[in-house]
Number of protein chains: 2
Amino acid sequence: MFQLDYGDPRPLFEQIKDQIKTMILRGVLPANQQLPSVREMASNLTLNPNTIQKAYRDLEAEGYIYSVRGKGNFAAALSQQLKTEQQTQLKKQLKETLTAMLHLGISPEEALQWVKEAYHTEGGEPQ
Amino acid sequence: MFQLDYGDPRPLFEQIKDQIKTMILRGVLPANQQLPSVREMASNLTLNPNTIQKAYRDLEAEGYIYSVRGKGNFAAALSQQLKTEQQTQLKKQLKETLTAMLHLGISPEEALQWVKEAYHTEGGEPQ
DNA sequence: CGCACTGTAGTATTCGCAATAGTACAGTTA
DNA sequence: TAACTGTACTATTGCGAATACTACAGTGCG
């Protein structure tokens with residue numbers, strides 16, 4: 001179900017968190033969709049249930065999922081606040097990238113070209 | 001000379017590496033400019049010389065600096081290869097950001113608007 | 001009820017790796 | 001020679017991720 005990279009310096013629970021976040025933000029996991037149980041996911045990924053639980057607890061604290069004792073974990077409805085946060089972060093990220101490009105000697109015109117190009121090559125599905 | 005964030009999960013030597021990289025890529029550190037000695041930098045940042053040495057060794061392996069035994073560490077001339085690598089990475093980063101924006105419901109038109117906006121607000125120097 | 005599932009909480013332990021501490025050796029320069 | 005430089009070790013500490021294990025609480029179903 002998920003892709004773990006043991007070479008990645010980032011901890012496993014973070015990798016799991018990010019993948020779930022992405023799925024929720026992109027609508028792959030609709031609201032109230034049930035997630036695999038802590039034990040099941042742990043079994044599938046061959047790691048400890050505690051690791052999954054940490055990921056789930058964090059995600060709940062951040063508003064991406066909600067937990068119901070005895071029932072399971074479910075994708076939360078994507079709040080406007082969460083969307084706005086994400087947008088803000090993406091904007092910041094975009095600006096950082098553009099700044100780095102500028103300082104590397106790439107003109108704004110070239111940058112715009114890159115942007116258009118990125119859209120034209122959509123379907124390659126980066127990441 | 002450098003800014004260390006002990007709250008950052010990233011190791012110290014990585015933070016140092018990145019800051020030096022950025023300075024070199026942006027021309028703040030011209031070719032053959034001498035860097036502080038391992039021991040001096042360690043003293044300034046109040047950490048162990050080994051930590052600095054690790055950063056320097058990595059940077060040399062990546063082609064950002066060169067070391068001369070008995071003399072010191074110096075910024076390398078920014079090779080075309082290094083620039084190209086950096087450009088490739090930025091392009092990839094840009095595309096990932098744009099893809100995420102798309103999936104968040106931001107149209108290409110809006111995205112372009114963001115890009116222009118980012119340039120207009122230059123001077124705020126993000127990061 | 002009893003059973004099998006779910007989440008939750010806690011402790012103890014292992015393990016990896018960043019970072020420290022310390023010593024030693026080699027090359028440069030005045 | 002003296003005081004710098006880089007480099008190479010080994011040993012140790014310390015932190016946090018991940019494991020292992022146990023236990024308890026709520027849900028759903030036959």
Side-chain angles (χ1 to χ4, degrees), chain A residues 1-21 24 29 31-77, chain B residues 1-21 24 29 31-77:
Chain A
M1 181 163 194
F2 290 107
Q3 183 98 15
L4 294 184
D5 178 5
Y6 285 86
D8 196 315
R10 289 149 35 88
L12 299 176
F13 76 88
E14 283 243 23
Q15 296 184 37
I16 295 170
K17 276 177 61 182
D18 277 1
Q19 291 184 49
I20 296 179
K21 269 191 197 178
I24 292 180
L29 282 181
N32 305 312
Q33 168 91 238
Q34 181 162 9
L35 295 169
S37 80
V38 169
R39 292 174 178 83
E40 185 191 349
M41 173 98 75
S43 170
N44 286 344
L45 300 180
T46 336
L47 40 80
N48 199 282
N50 295 350
T51 305
I52 310 295
Q53 201 203 342
K54 171 153 186 57
Y56 280 180
R57 266 213 306 158
D58 281 17
L59 287 171
E60 186 181 26
E62 296 171 27
Y64 286 92
I65 68 176
Y66 62 92
S67 296
V68 183
R69 201 187 189 87
K71 300 184 76 172
N73 288 274
F74 307 84
Chain B
M1 181 165 192
F2 291 106
Q3 182 98 16
L4 295 183
D5 178 5
Y6 285 86
D8 196 315
R10 288 148 37 86
L12 300 177
F13 77 88
E14 283 241 25
Q15 296 184 37
I16 295 171
K17 276 178 61 181
D18 277 1
Q19 291 183 51
I20 296 179
K21 269 190 198 178
I24 291 180
L29 282 181
N32 305 313
Q33 168 90 240
Q34 182 162 11
L35 295 169
S37 80
V38 169
R39 292 174 178 84
E40 186 191 348
M41 173 97 75
S43 171
N44 287 344
L45 300 179
T46 336
L47 39 79
N48 198 282
N50 296 348
T51 306
I52 310 295
Q53 200 204 344
K54 170 152 186 60
Y56 278 1
R57 265 210 309 157
D58 281 16
L59 288 171
E60 186 181 26
E62 295 173 27
Y64 286 93
I65 69 175
Y66 63 91
S67 296
V68 183
R69 200 186 189 88
K71 300 184 76 171
N73 287 274
F74 305 84

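Labels below follow one simple rule: chain letters A, B, ... track the order of the sequence lines, proteins then strands, and each chain is numbered from 1. Note that the structure is a prediction, hence the values are computed from the model and not measured.
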Residue closer to the 5' end of DNA chain D, B:Tyr56 versus A:Thr46 (nearest nucleotide): B:Tyr56
Locate the shortest heavy-atom distance separating B:Asn50 from B:Asn48; write the atom from each residue and the value. N-OD1, 2.9 Å
Here the gap from B:Met41 atom CE to B:Thr51 atom OG1, rounded to the nearest 0.5 Å, amounts to 11.5 Å
Straight-line distance of B:Ile20 CD1 to B:Phe2 CZ, nearest 0.5 Å: 4.5 Å
Residue set satisfying side-chain contact (heavy atoms from CB on, under 4.5 Å) with B:Pro11, at least two apart, ordered chain then number -> B:Phe13, B:Glu14
Filter on side-chain hydrogen bond (donor to acceptor under 3.5 Å, both in side chains), then keep only pairs touching residues 66-75 of chain B, sequence neighbours left out; what's left? B:Asn32-B:Tyr66, B:Ser67-B:Asn73
To the nearest Å, how far apart are A:Gln53 CD and D:dA20 C1'? 14 Å
Those residues that, when tested against B:Asp18, pass side-chain contact (heavy atoms from CB on, under 4.5 Å) (two or more places apart): B:Arg10, B:Lys21
Give me each pair satisfying salt bridge (Lys or Arg N to Asp or Glu O under 4.0 Å) with a member in residues 44-54 of chain A, each pair once, sequence neighbours excluded. A:Lys54-A:Asp58
Interatomic distance, A:Leu45 atom CG to A:Leu12 atom CG [nearest 0.5 angstrom]: 9.0 Å
When you check every protein heavy atom under 4.0 Å of nucleotides 10-15 of chain D, what one-letter string (B, S, -) results, 5' to 3'? ------
Produce the list of close N/O pairs, under 3.5 Å, pairing protein atoms with atoms of nucleotides 3-6 of chain C; give distances to one decimal.
| residue | atom | partner | partner atom | Å |
| --- | --- | --- | --- | --- |
| C:dT6 | OP1 | A:Ser37 | OG | 3.2 |

Residues two or more places apart in sequence or in another chain: which of them pass side-chain contact (heavy atoms from CB on, under 4.5 Å) with B:Ala42? B:Pro49, B:Ile52
Quick one: CG on A:Leu35 to OH on A:Tyr56, what's the gap to the nearest 0.5 Å? 4.5 Å
If I take atom CZ in residue B:Arg57 and atom P in nucleotide D:dT7, what distance separates them, rounded to the nearest angstrom? 9 Å
Distance, rounded to the nearest Å, where A:Met41 contributes CE and D:dA18 contributes P: 14 Å
In whole Å, I'd like the distance from the OH atom of B:Tyr66 to the P atom of D:dG6. 13 Å
Mind listing the N/O atom pairs, protein and nucleotides 15-19 of chain C, below 3.5 Å?
| residue | atom | partner | partner atom | Å |
| --- | --- | --- | --- | --- |
| C:dA19 | OP1 | B:Leu12 | N | 2.3 |
| C:dA19 | OP2 | B:Leu12 | N | 3.3 |
| C:dA19 | OP2 | B:Phe13 | N | 3.3 |

Atom CD1 of B:Ile65 and atom P of D:dT5 are separated, to the nearest Å, by 15 Å
Taking only residues two or more places apart in sequence, or in another chain, which ones meet B:Asp5 in a side-chain contact (heavy atoms from CB on, under 4.5 Å)? B:Asp8, B:Gln15
Could you check how far CD1 of B:Ile52 sits from C1' of D:dT5, rounded to whole Å? 15 Å
Let me know the distance between CG of A:Asp8 and C1' of D:dA18, rounded to the nearest Å. 15 Å
